[in-house]
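The next block holds one structure in the form of structure tokens; read it before the comments.
Residues: numbered from 1 along the sequence shown.
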Amino acid sequence: MVRAISDTLAAAMRASTRVPAIGVSIEDHIQHYQAYQSPGTPDGWHDACVAGDGSIVRVRLTRGSGAYSQSLQWQRITNPDSASQWSSWSTLGGASATCFEDSGCAISNNGGILRTFAQQGSGGALWTWSSSDNGQSWSASPTSVLTPPGGTSILGIGSAGNNDVFFLYQISGGVVIGCSLYSGGSWSSLRSSTLSAIPYGAGLTACWDGSLYWLIFSDGNTLYESTYDPGGNSWQGLPAVAPATGNAITRRAPRLQYDPSSELYTLACIEADSGQLTGAVYSYPRLRQSADLQHWSQGSIVHSMSAQYGACPLGASNANLLISMSSVLKANAYRQDSQHYLDCGSRVISYSLKEHLNKPAEVEMVLDGGQGVVLSQPGATGPIGPNCSLVLRAGYRSGTAPGVSELVKVGTYRIQSMQLERSAGVERLRLLCGDLTQQLDQVNRFQMTYTAQPLSWLLREVCARAGLFALALPASSQLSQSVPQFVLPAGGSYRHALDELCHIYDLQYFLDQDEVLQFQDLNAGVSASWSYQAEIERLSWGQRVQGGNHIIVTGKPPAGGSSMALTTAEVYDDQQMQWSGREGLIQHVDQKLLTVAQCASKASFLLAQQQRARQQHQVQVPFNPVHQLLDVISISDASGTIGGNARIVSSSSNYEPQQAIYSTTLELEGV
């Protein structure tokens, strides 16, 4: 999958003399949550939304000695920088000492109409109030949406802002989801979930994607997920976002936010440990992210915020806020200013870039530090900091000298190490970077077990757990094959799990220049994207004995068959067997393969892998920004005696202008 370039750049690359061009920028896209406001309000269930005029409108339930006689209060913040606006609360009409403190509360913007919800303390009705002026004033008294059967307790409320309300309510066998939709001036009757009841209720949040409602809810330990189709009145359960860990860790008060700048959803949920089982005592938010509301990252904690009844993520005023009752954290949104962006193209002294399949790319870049380089510090962040993005663009000058710099984006890498080097008359900054796939080397904390999921679904799940959301999967039938059971073990790396999935049908992966994780199943019929002959600086063209020419793949034994029955397939390379005079037997067992057809497909992939590995080549050529890993190129030696098509499996590029070096060494295998 070559990168596109112009005809003029292609001509400049094939010219006998070439002038390199380099572009480098360092960008800070990290959400640096820092202390913003400290209202110090007592903790309790709460929610927030952004009104049509940009103001922040919040609601809270008070907590006290009478659980069924608490108040629902609201506040409107027009200037988030004003500390007084965060601490001033007013009680809604009819909501003074009349609400159940553990029902939870919700507020949403429904196309300009704000609606807030809580449960009546005496009688158990689900109440709502509305505002048509961006939360400046509210209805004088509550309206009853409905009353759960028997007036049972509500234990979590959420609204997606589509004239809806979802809630957890008690039944004799546990807790289930109910909802009501507003249409034609009235609320619908109760629509109850058909999914299994959960043991308890500890909060619910909802999101509307235009056709489905996505619901995330807690029983105090497990974070569940389901969808609701209002057109068909159908409910579907999904794999848990976070499974229970016994009673060691409690999870409550999930809240969702969509960030249009990153095109990701953020899920905030309180994680707490009383210390009775583990000895650790804490209660803080964990922020998870997702691109599709289905596959969620393991996320990261916000240890500096202590909360029990929720933290609301909210986007407002070119920033993201994380709001608890006692404190507010703020992370400024990315913009191309001196705090977030630095153009370093003119400072580049040298760089090296190494790329390998199924591993993070590595970049070492040396910059001139004599222009006042400032490194990022905690509390005073800047673009040159840990995990900030280094964007590399490379190419050549084209046209009549001095020519025009034509640059191609080569990659985006994350800073892992920063070293300032100083000596007499010399000041340099050395940056060591890796690409985003280094997140696959994180360790999974809690075991996840998946049953009968398609391979493509599992690939997206494992990558999302590691925080990789942009994937490009091939349109091959193997990815739709069901995997009977897959375990993501606690303490294992995501890379190990991803490699295990890829090995089912011999998929390869690498990260492209836009941080999209590219998966490919290798096709021998792919044509060459670039040809080399006169440009070749050094060439090694070799072959080795093919390791395997007889492949036997055994899958899971057939259900209901005889005790000796097997699910097996074999493939052979008769030509190689005859040529080498030996049988190279490879026996492969994979319990995730259920049919003979799946075993035959796996055997074919394994044989093709052995055939490709038989050819081992290396070529050194001038740097070419077109190439990506797994591209097929054509090599033609000047003597005409060796050459052919080969596939790139790794590359090493160096730019050292003082030594007139701007070249790439490509490691190649057969197609």
Side-chain angles (χ1 to χ4, degrees), residues 47-53 55 57-59 72 74 76 92-95 98-100 103-171 176-195 201 204-217 226-236 255-256 258 293:
D47 199 9
C49 75
V50 177
D53 63 353
S55 59
V57 183
R58 301 175 65 201
V59 293
L72 182 64
W74 64 279
R76 180 170 181 263
L92 287 158
T98 58
C99 298
F100 175 38
S103 69
C105 56
I107 186 171
S108 62
N109 185 342
N110 303 264
I113 302 297
L114 303 188
R115 303 188 192 280
T116 186
F117 305 88
Q119 187 181 26
Q120 178 189 19
S122 175
L126 176 59
W127 279 349
T128 183
W129 293 257
S130 63
S131 170
S132 58
D133 56 5
N134 299 310
Q136 297 182 63
S137 61
W138 290 84
S139 47
S141 60
T143 298
S144 176
V145 176
L146 54 80
T147 300
T152 58
S153 295
I154 290 175
L155 298 170
I157 305 175
S159 175
N162 188 45
N163 292 311
D164 57 77
V165 59
F166 290 81
F167 49 93
L168 297 172
Y169 69 97
Q170 289 183 317
I171 59 174
V176 295
I177 303 174
C179 78
S180 178
L181 306 179
Y182 185 83
S183 179
S186 63
W187 291 93
S188 70
S189 59
L190 175 65
R191 301 186 182 189
S192 294
S193 168
T194 56
L195 304 176
L204 176 149
T205 186
C207 181
W208 170 249
D209 71 359
S211 59
L212 290 175
Y213 286 101
W214 295 77
L215 309 171
I216 297 176
F217 48 101
S226 66
T227 60
Y228 174 63
D229 178 3
N233 191 28
S234 60
W235 304 78
Q236 181 180 356
R255 280 293 180 251
L256 272 171
Y258 178 69
L293 288 167

[X] (side chain) donor-acceptor with [Y] (main chain) under 3.5 angstrom:
X: Ser180; Y: Ser188; result: yes
X: Asp229; Y: Ser234; result: no
X: Gln170; Y: Thr152; result: no

Measure the spacing between [atom1] of [X] and [atom2] of [Y] and express it to the nearest 0.5 Å.
X: Leu212; Y: Leu293; atom1: CG; atom2: CG; answer: 10.0 Å
X: Ile154; Y: Gln120; atom1: CD1; atom2: CD; answer: 10.5 Å
X: Cys207; Y: Trp214; atom1: SG; atom2: CH2; answer: 9.5 Å
X: Thr205; Y: Leu215; atom1: OG1; atom2: CG; answer: 8.5 Å
X: Ile177; Y: Leu195; atom1: CD1; atom2: CG; answer: 6.5 Å
X: Leu114; Y: Ile107; atom1: CG; atom2: CD1; answer: 5.5 Å

Is it true that the side chains of [X] and [Y] contain a donor and an acceptor less than 3.5 Å apart?
X: Tyr213; Y: Asn162; answer: yes
X: Asp133; Y: Ser131; answer: yes
X: Asp164; Y: Trp208; answer: no

key: Carboxylate-amine/guanidinium proximity below 4.0 Å for Arg58 and Asp47   = no

Note: Asp53-Arg76 ion pair, threshold 4.0 Å (strictly below) = yes

Under 4.5 Å between any side-chain heavy atoms of [X] and [Y], yes or no?
X: Cys179; Y: Tyr228; answer: yes
X: Pro230; Y: Arg191; answer: yes
X: Asn109; Y: Arg115; answer: no
X: Trp127; Y: Leu72; answer: no
X: Ser183; Y: Leu181; answer: no
X: Leu92; Y: Thr116; answer: yes
X: Ser55; Y: Val57; answer: yes

Taking all atoms of both residues into account, what is the closest heavy-atom pair of [X] and [Y], and its distance?
X: Ser132; Y: Ile113; answer: CB-CD1, 3.7 Å
X: Ala106; Y: Gly158; answer: CB-CA, 3.9 Å
X: Pro142; Y: Gly94; answer: CD-CA, 4.1 Å
X: Leu146; Y: Ser189; answer: CD2-C, 4.2 Å
X: Asn110; Y: Ser159; answer: OD1-OG, 4.4 Å

ask   = So Ser108 and Cys49, side chain to side chain contact (heavy atoms under 4.5 Å, CB included) or not? Walk me through it.
value = CA-CA 6 Å; Ser108 62; Cys49 75; 5.6 Å; no

ask   = Which word best sums up how the rings of Phe167 and Tyr169 line up, parallel for under 30°, tilted for 30 to 60°, or perpendicular for over 60°?
value = tilted

inquiry  = Phe117 and ring pair (Phe, Tyr, Trp, His ring centres under 6.0 Å): which single residue from Trp187, Tyr182, Phe166, Phe100 fits?
reply    = Trp187

Given Leu190, Val165, Thr147, the one that forms side-chain contact (heavy atoms from CB on, under 4.5 Å) with Leu126 = Val165

